[in-house]
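Excluded from the calculations below are hydrogen atoms, water molecules and symmetry mates; all remaining heavy atoms, backbone and side chain alike, are included.
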Amino acid sequence: MSPSSVSTRSATEVNADIRGLWQRSGGYLSPQDEAEYQRLLVEWAAATGAGAHNARTGV
């Protein structure tokens, strides 16, 4: 999914994927997992109406 894409999933659905990723990784993200995490953050931000910058920084 590109950053300009609009999420068709709810924030709750994306959040479940984020939680699952962290759980599967045992708290350590490989470079591939980190890329997936960043993609999910952008999708989550789109679903919540927050900006991608805010999703990454928590601001």
Exercise for the section: Hey, could you give me the CD1/CG distance between Ile18 and Asn15, rounded to the nearest 0.5 Å? Expected result: 5.5 Å
Fill in the blank from the handout: Only residue of Arg39, Arg19, Glu43 satisfying side-chain contact (heavy atoms from CB on, under 4.5 Å) with Val14 is Glu43
Exercise for the section: State, with a plain yes or no, whether a side-chain heavy atom of Glu13 is found less than 4.5 Å away from one of Ser10. Expected result: yes
Exercise for the section: For residues Thr48 and Trp44, determine if any side-chain heavy atom of one lies less than 4.5 Å from a side-chain heavy atom of the other. Expected result: yes
Problem - Leu29 CG to Tyr37 OH distance, which is reported to the nearest 0.5 Å - result: 7.5 Å
Practice task
Evaluate the side-chain proximity of Trp22 to Asp33: yes if any heavy-atom separation is below 4.5 Å, no if none is.
Solution key: no
Exercise for the section: Supply the atom-to-atom distance Glu34 CD to Ser25 OG, rounded to the nearest 0.5 angstrom. Expected result: 10.0 Å
Handout entry: Min side-chain heavy-atom separation Glu36-Asp17 under 4.5 Å
Key = no
